[in-house]
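Everything quoted here is computed from the prediction, not taken from an experiment. Chain identifiers are assigned alphabetically (A, B, ...) following the order of the sequence lines, protein sequences preceding nucleic acid strands; residue numbering begins at 1 within each chain.
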Amino acid sequence: MGIYDSLNLEQKKGVETVEGPVLILAGAGSGKTRVLTHRVAHLIHDLGVSPFNIMAITFTNKAAGEMKERIDNLVGMGSEGIWVATFHSSCVRMLRRFADRIGYDTNFAIYDTDDSKALMKEVCKYCNVDTKQYKERTFLNEISSAKNELINEEMYASQNSADFRKEIFIRVYREYQARLRANNAMDFDDLIMKTVELLKYQTDVLKFYQDRFHYIMVDEYQDTNTAQFELVRLLASGRQNLCVVGDDDQSIYKFRGANIYNILNFEKHFPDATVIKLEQNYRSTGNILNAANSVIANNVGRKEKKLWTENDEGDKVHFEMLESAYEEADYIVRDIVRQNRNGKYGFGDSAILYRTNAQSRILEEKFIFEGVPYKIVGGVNFYARKEIKDLLSYMKTVNNSRDDLAVQRIINVPKRGIGQTSISRAMDFAINNDLDLFEALEHTDRIPNLGRASSKIEPFVELIHELRQISANEGVLALINAIIEKTGYVEELKAEKTEEADARIENINELISKVVDYEQNAEEPTLNGFLEDVALVADIDSLDESVPQVVMMTLHAAKGLEFPNVYLSGMEDGLFPSFMSITGDESEIEEERRLCYVGITRAMKRLTMTGAKTRMVRGETHYSSISRFVKEIPNDYLEGNTWEPKPRNYMDAPVDAAPKKSMKGAPLAAQTYKKQSFGTKIAKNDLDYTVGDRVRHMRFGEGEVVDINEGGRDYEVTVEFDTAGRKKMFASFAKLQKL
DNA sequence: GGTTTGAAACTTTTT
DNA sequence: GTTTCAAACC
């Protein structure tokens with residue numbers, strides 16, 4: 001055949017085992033996408049399976065697009081019939097087709113995080129929730145977790161009926177769902193949950209899709225949540241030809257509901273499953289791979305596997321601890337410039353990864369200063385910008401005027417003299433009469449106490465009617481142009497003549513390009529389809545790797561990518577692992593460690609880790625020590641400078657109320673540099689507190705030391721806090737101050 | 001009803 | 001340090 005010759009034995013097994021449940025445990029860089037694409041080719045070419053009967057599910061559009069392209073290269077004609085899509089867009093496709101079964105219009109809106117939050121705000125107001133006591137976020141998180149576990153508002157109510165503290169959650173969940181439905185809208189989690197409900201309760205629909213999908217493949221299986229598992233299980237429950245590919249060591253989305261037991265217990269869910277392990281890494285040098293292995297080895301409860309490679313050892317991983325975040329950025333950017341000048345690694349070969357989006361700013365400033373081409377993935381989402389949301393809300397209103405949220409956003413943009421009072425009166429009238437806001441606005445004469453405002457509302461209603469005509473007759477591009485022209489949106493920005501306004505106009509032009517692109521490439525372009533594409537994009541989808549530019553992104557966004565030359569920045573305890581995860585609960589540290597493993601394994605040839613001793617966080621100077629993950633890499637694979645604070649100085653270092661001048665003061669001057677001193681142990685007598693002492697923690701407040709235990713390279717201190725309760729923490733980063 | 005100002009919260013990761 | 005939100009002012 002030829003096309004399978006380049007596969008190793010295990011990969012071949014993954015390609016050829018097509019009947020029944022299959023779990024492919026694919027370590028980082030072990031060629032899992034190759035296996036998936038060749039598997040599809042094998043099904044079509046060798047087994048004569050119709051492309052129409054094959055489904056492949058991914059998490060991002062980028063992954064789906066790449067898989068499509070690679071399948072296309074192998075299979076050629078006919079591959080268009082394969083259903084390759086993300087979880088969310090697959091669900092939307094099924095839901096649109098059978099929307100009437102669950103009481104929705106086929107052009108239902110998809111609410112992003114901002115929309116959900118805006119809706120929740122209204123719900124809280126309506127339910128008289130004291131948002132000082134409960135934040136909107138709290139409810140949204142609770143509801144999201146429930147939906148990820150397939151608990152709808154009714155089940156939630158009955159499960160928590162005995163708990164009076166949950167009463168408010170029950171009311172808010174119910175009201176939130178009621179409003180989504182009234183707005184003909186679903187949030188991200190609804191898309192999955194409602195599809196599962198559709199398949200579960202409409203047996204003919206389930207049969208319809210089971211008859212269509214004979215072979216189902218799921219990528220990044222370790223990141224699926226319970227709802228996604230159930231979706232896949234239902235679809236595959238007939239023929240059982242389900243192949244999932246994943247790596248439990250790369251499970252990094254627990255905070256979003258991912259259930260690691262989906263992959264750990266796959267053989268329990270599917271007892272006759274074939275398990276295939278891909279352990280040969282083709283991506284990284286020996287040193288990089290060994291560094292990754294030694295970090296991840298500290299996690300317990302993982303599937304046993306050890307990645308190996310035939311690649312050269314390569315250079316050791318380099319570590320550099322800098323004085324400040326500015327120097328860190330300077331170090332990285334200058335190194336990138338030097339590598340580029342030497343012709344070793346071009347700008348497009350290099351990527352900088354970090355734990356939090358906030359870290360990108362300093363780097364960006366340096367790149368601009370040095371004139372290096374760069375691209376930041378993530379951060380403020382393009383579609384979250386004000387001007388984009390405004391224009392999209394016009395389009396959403398035209399598409400689905402039941403979406404009250406969209407109508408409210410644009411009713412006074414640009415200013416039409418319709419204020420909050422008038423909107424509230426119209427809203428009240430709408431709710432009392434069971435109408436949509438837009439329907440109410442179409443009958444202003446019947447809204448009480450509206451007064452002069454009705455003369456201002458009428459032209460707005462008229463405008464939407466006109467736009468609706470244009471959309472229906474001339475398409476999406478004509479619509480957006482008409483919106484811009486008739487509202488004078490861009491005119492107004494031009495008149496401002498500020499840099500910010502120019503940037504907004506730039507963004508609007510980019511949105512127009514996206515419309516043009518959509519109309520040219522979509523099979524059957526519709527307004528609804530465009531809005532759907534827009535709602536389901538991920539930040540990473542916009543990354544074009546063929547452009548020679550340095551890429552910066554979070555470690556989360558980097559999953560699935562690879563670069564010859566990688567920088568992991570901000571390797572400091574408290575930043576990475578995140579302060580939020582240092583609670584004493586080891587499973588949270590383990591999730592961070594997996595994230596670190598993902599980061600290291602992105603590197604092919606050269607890996608540099610950096611950290612900063614001081615860093616401004618929210619306007620305050622923070623002092624940090626080297627990330628524990630760096631210390632987990634033996635010197636056999638790691639080289640570079642390090643900095644170990646003397647504990648006494650460390651304790652005395654200003655933590656909370658650092659005087660700004662103290663940057664050059666005594667504590668820092670007394671700190672020492674050491675070469676190769678990873679894992680230096682803090683001596684017990686260097687702690688200036690002992691059991692029974694009162695101490696202060698920057699986050700948990702005051703408390704009493706209950707216990708001090710030796711734990712590896714550090715001391716584990718147990719403190720009974722007055723308000724925060726009992727916490728276990730490590731002495732070197734807990735920054736406990738004796739009182 | 002709209003605009004300006006100051007305080008308060010915020011940041012871990014996202015389809 | 002930045003963004004968001006409310007109160008006070010126009």
Side-chain angles (χ1 to χ4, degrees), chain A residues 57-64 85-92 110-114 116-118 121 131-132 135-137 140-141 144 147-148 186-193 220 223-225 227-228 251-258 325 353-362 365 377-381 383-386 412-425 451-453 456 532-541 553-559 570 574-583 588 591-592 594-596 598-599 615-622:
Chain A
I57 310 181
T58 63
F59 271 87
T60 65
N61 296 300
K62 185 167 185 287
T86 66
F87 269 104
H88 289 85
S89 61
S90 297
C91 286
V92 170
I110 300 164
Y111 277 5
D112 64 19
T113 321
D114 283 350
S116 303
K117 204 173 163 200
K121 223 171 157 183
T131 45
K132 288 264 154 32
K135 296 215 175 67
E136 287 98 357
R137 197 66 262 146
L140 287 168
N141 285 338
S144 177
K147 287 178 178 176
N148 287 335
M186 296 192 204
D187 66 17
F188 285 137
D189 301 316
D190 275 338
L191 296 177
I192 314 285
M193 181 175 77
E220 306 282 10
D223 289 325
T224 53
N225 61 36
Q228 287 159 337
S251 164
I252 55 174
Y253 281 106
K254 188 170 152 220
F255 71 95
R256 216 174 66 195
L353 310 180
Y354 37 73
R355 179 69 240 266
T356 66
N357 279 305
Q359 289 165 253
S360 65
R361 236 196 63 231
I362 297 178
E365 283 167 12
V377 175
V380 185
N381 189 325
Y383 294 101
R385 291 169 203 273
K386 182 185 179 301
N412 201 30
V413 176
K415 304 254 178 309
R416 297 188 173 87
I418 307 170
Q420 196 49 54
T421 334
S422 304
I423 297 174
S424 298
R425 281 180 183 144
R452 284 196 311 259
K456 293 167 179 164
E532 179 182 315
D533 271 17
V534 162
L536 297 179
V537 290
D539 293 322
I540 195 69
D541 295 340
M553 69 189 112
T554 62
L555 289 150
H556 282 90
K559 197 185 61 173
L575 183 63
F576 187 33
S578 157
F579 190 54
M580 305 292 288
S581 69
I582 306 177
T583 58
E588 294 198 42
E591 173 114 347
E592 297 277 309
R594 288 193 291 269
L595 196 52
C596 183
V598 168
R615 186 182 293 277
M616 289 284 269
V617 181
R618 294 212 293 269
E620 280 185 338
T621 308
H622 278 224

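A/N412 comes within contact range of the sugar-phosphate backbone alone, with a heavy-atom separation under 4.0 Å but no base atom that close. Looking at heavy-atom distances under 4.0 Å, A/K254 makes no contact with the nucleic acid at all. Nucleic acid contact for A/I418: sugar-phosphate only, since backbone atoms but no base atoms lie under 4.0 Å from a heavy atom of the residue. Residue-level contact check: A/S422 touches the backbone only, with heavy atoms under 4.0 Å from sugar-phosphate atoms and none from bases.
For the residue pair A/G257 and A/N225, the shortest heavy atom distance occurs at O-CB, 3.0 Å. The two atoms that bring A/S251 and A/D223 nearest to each other are CA-OD1, 3.7 Å, heavy atoms only. Nearest heavy-atom pair across A/L536 and A/L191 is CD2-CD1, 4.0 Å.
Under a 4.0 Å N-O distance rule, the pair A/D187/A/K147 qualifies as a salt bridge.
Within the structure, every side-chain polar atom (N or O) of A/K456 is placed at least 4.0 Å from both OP1 and OP2 of B/dG1. OP1 or OP2 of C/dC5 lies within a sub-4.0 Å distance of a side-chain N or O belonging to A/K121.
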I'd like a table of atom pairs between the protein and nucleotides 10-15 of chain B - only N or O on both sides, under 3.5 Å - with the distance next to each one.
residue	atom	partner	partner atom	Å
B/dC10	OP1	A/K135	NZ	3.4
B/dT12	O2	A/R355	NH1	2.3
B/dT12	O2	A/R355	NH2	2.2
B/dT13	OP1	A/N357	N	3.2
B/dT13	OP1	A/N357	ND2	3.2
B/dT13	O4'	A/R355	NH2	3.3
B/dT13	O2	A/R355	NH2	2.5
B/dT13	O2	A/H556	NE2	3.4
B/dT14	OP1	A/T554	OG1	3.1
B/dT14	O4'	A/R256	NH1	3.3
B/dT15	O3'	A/F59	O	3.0
B/dT15	O3'	A/H88	ND1	3.4
B/dT15	O2	A/H88	NE2	2.9

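For A/S116 and A/T113, the side-chain atoms include no donor-acceptor pair closer than 3.5 Å.
Rounded to whole Å, atom C1' of B/dG1 lies 11 Å from atom NZ of A/K415.
Spacing between B/dT11 and C/dA6 at atom C1', rounded to whole Å, works out to 22 Å.
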Subject >> Audit row: A/E220, A/K559, salt bridge (Lys or Arg N to Asp or Glu O under 4.0 Å) steps and yes/no >> reply: CA-CA 10 Å; A/E220 306 282 10; A/K559 197 185 61 173; 3.6 Å; yes
